[in-house]
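Since the structure comes first, as structure tokens, the remarks are kept for the end.
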Amino acid sequence: MIGFMASINLSTRMPKSATAYDIPVTSDALDQLSPDHRRSADLGGFEGKLGQTLVLAGSADEPIRVLVGLGPRDELNQESLRAAAAAYVRSVGGHQAVACTLAEAPGPMTPAEAVGAVAEGLGLASYAYRPLKTDKPPKLKKATIVASGPGVRAAFNQAQAIVRAVMLARDLVNEPGGTMTPVAFAAKAKEVAKESGLKIQVWDEKRIAREKLGGVLAVNQGSTHPPRFIRLDYVPAGRSQAKVALVGKGITFDSGGLSIKTSSGMMTMKVDMTGGAVVLGVMTTLAALKVKVSVSAYIPLTDNMINGDAFRPGDVFRARNGKTVEVLNTDAEGRLVLADALSLAAESKPDVMIDIATLTGSVSAALGTKIAGILGTSDELVRRLEDAAALTGEKVWRLPLPEEYRKQLDSNIADLKNIGNGPYGGALVAGLFLKEFVAEVPWVHIDLGLSAEADAEDGVITKGGTARGVRLLAQVMRDW
Ligand code: BES
Ligand code: MN
Ligand code: ZN
């Protein structure tokens, strides 16, 4: 791991080394105080709202205490505990070792659920991408969750697996595109596959050509970095309940190609391999979460660059499934590499396929930067994602795949063109394009859009790559 994160521990007792601990406060508790009491308590605006904190000074040999707002008691859930833990860990960043009693806050959750949520909140919010900063890393080294109860240790360990997977994905996303090349991504994938007991296969450019991944080759044409294609396999310990394929867009940098982006549009485009990083992250959690389904991952990797060999608007390539595609905009490149990956995944006849990608800006015009769009052919799979979103707080909203828009993808000279006819409904047209490559396999596409990147901290989100989707997909897999 190259990012920084405080080490999170679990203990039944308050650790002696901690120089700070928290006092969880629901907003109802403060509502019960009379206005006079509230004034005399001098809570400086602290109302127990979710995410609010108030640091109470300690003394030479007394740890400081931090009031941590939980919001209304009857709205308490795992998501509010995660947010409260995140707010707490940010308020004690100047300490080396802190304790956290949040998991013992009263609420409808079991101790195990509460410990899991708090471990995720503390770990994820303390993450920072640090290898390129010369000044000292954050001070906070250790946060100890004080809790006991049935199943808390197992829940803690599972949360740790998820946090580590998110960190891995954030590290991959945050590393600059100039060094996080397809070859570098594949090397990291080999390393983590070995650690997590996953089978891995990495195809180089020659194999990619032999396997007829025409979309990956087309996008890679203008690059000096060769492409890679990764396949990972997880096989459950017992009898497998189902066969799932995960596909992640792995564009290590998206300049737009000859249909070049603006300089501001290109600024964050190292995040364009978030889908691939998320899929790799999820794969590392499956054994720890005792997932009962077989999962295969497909990650096409290339950057989208420009040189004299770059693919041109008007060029046509043949995708893995035999369909020809006229590329009228080289910036609609994600769908081209996904076309190959989905075709290939469908050949293994999985029960379902899920792809995740920073596919369009358009999805964020509809849903903003904190909700991902989901589009697909399976109502049941959509429901699984919606249920997992409710538990993890990684929000999704279903968008349609309107048949009447399909003709926008008709090309004059090929089977398909890669863009629609105008600026509207871009996320839907992109979804319709992908649908041409999923054969008969029930499928859902997750378009992360701008939610892959954050310009401000917010709960478990840290600045930069969010790696949104790791917790969502891990939840889908563990609930199967
Ligand atoms: N990677 C981008 C989409 C994107 C943009 C993700 C901003 C996150 C933030 C994708 O490859 C792209 O350029 N899409 C185009 C498609 C268009 C040319 C049809 C878009 O959305 O503008
Ligand atoms: Mn693009
Ligand atoms: Zn892209």
Side-chain angles (χ1 to χ4, degrees), residues 173-174 177 180 182 185 215-216 218-223 227 247-278 299-306 310-315 325-341 355-373 375 399 405 408-409 411 416-434 436 445-455 464-469:
V173 174
N174 286 328
M180 186 38 67
F185 187 113
V216 177
V219 176
N220 186 252
Q221 249 172 251
S223 177
V247 176
K249 170 176 172 180
I251 298 294
T252 54
F253 181 75
D254 182 10
S255 75
L258 285 170
S259 313
I260 193 166
K261 289 183 180 296
T262 61
S263 42
S264 68
M266 216 183 284
M267 214 135 59
T268 60
M269 278 302 114
K270 68 175 182 183
V271 310
D272 216 18
M273 31 60 78
T274 296
V278 164
I299 308 173
L301 293 159
T302 174
D303 50 8
N304 184 21
M305 298 293 281
I306 304 173
F311 69 139
R312 289 159 284 263
D315 281 356
V325 179
E326 183 185 14
V327 178
L328 291 180
N329 188 318
T330 62
D331 197 13
E333 85 298 339
R335 62 198 73 182
L336 310 184
V337 302
L338 290 176
D340 286 334
D355 80 76
I356 180 160
T358 45
L359 205 63
T360 70
S362 163
V363 73
S364 305
L367 300 176
T369 59
K370 291 177 190 294
I371 301 173
L375 306 87
L399 298 171
Y405 294 178
Q408 293 191 37
L409 293 171
S411 156
L416 288 165
K417 61 186 171 78
N418 77 329
I419 51 168
N421 292 340
Y424 302 120
L428 318 187
V429 175
L432 286 166
F433 182 90
L434 297 181
E436 297 291 316
H445 156 60
I446 305 173
D447 191 346
L448 293 171
L450 277 69
S451 76
E453 213 261 345
D455 52 14
T466 60
R468 183 186 280 266

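In listed order, ligands and their atoms are each counted from 1.
The closest donor-acceptor contact from the side chain of Gln408 to the backbone of Asn421 lies under 3.5 Å. In this structure a side-chain-to-backbone donor-acceptor pair under 3.5 Å is missing from Lys417 to Glu326. The backbone N or O of Leu328 lies less than 3.5 Å from a partner atom in the side chain of Asn418, making a donor-acceptor pair. Judged by distance alone, the side chain of Asp355 and the main-chain N or O of Val247 form no donor-acceptor pair under 3.5 Å. Between the side chain of Arg468 and the backbone N or O of Leu448 there is no donor-acceptor pair closer than 3.5 Å. For Ser364 (side chain) and Gly449 (main-chain N/O), no donor-acceptor pair under 3.5 Å exists by modelled atom type. Side-chain N or O atoms of Ser223 include none that pairs as donor or acceptor with a backbone N or O of Asn220 at under 3.5 Å. Using modelled atom types, no side-chain atom of Asp340 and backbone atom of Val337 make a donor-acceptor pair closer than 3.5 Å.
Proximity of Val429 to Tyr424: side-chain heavy atoms (C-beta onward) are nowhere separated by under 4.5 Å. Two residues are said to be in side-chain contact when any heavy atoms from C-beta on lie closer than 4.5 Å; Thr330 and Pro313 meet this criterion.
Distances under 2.8 Å from the Zn ion (ligand 3) pick out the protein N/O/S atoms Lys249 NZ, Asp254 OD2, Asp272 OD2, Glu333 OE2.
Asp254 contributes atom OD2 as its closest N/O/S atom to the Mn ion (ligand 2). Within Glu333, OE1 is the N, O or S atom that lies nearest to the Mn ion (ligand 2).
With respect to the salt-bridge test (charged N to carboxylate O, under 4.0 angstrom), the residues Asp331 and Lys261 qualify.
Metal site remark for the Mn ion (ligand 2): Asp331 contributes an N, O or S atom at a distance under 2.8 Å.
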Atom pairs and distances, ligand 1 N/O vs protein N/O under 3.5 Å:
from	atom 1	to	atom 2	distance (Å)
ligand 1	1 (N)	Lys249	NZ	3.4
ligand 1	1 (N)	Asp254	OD2	3.3
ligand 1	1 (N)	Asp272	OD1	2.9
ligand 1	1 (N)	Asp272	OD2	3.0
ligand 1	1 (N)	Thr358	O	3.3
ligand 1	11 (O)	Lys249	NZ	3.2
ligand 1	11 (O)	Asp254	OD2	2.9
ligand 1	11 (O)	Asp331	O	3.1
ligand 1	11 (O)	Glu333	OE1	2.8
ligand 1	11 (O)	Glu333	OE2	3.0
ligand 1	13 (O)	Lys261	NZ	2.9
ligand 1	13 (O)	Asp331	O	3.0
ligand 1	13 (O)	Asp331	OD1	2.8
ligand 1	13 (O)	Asp331	OD2	3.2
ligand 1	14 (N)	Leu359	O	3.4
ligand 1	21 (O)	Gly361	N	2.8

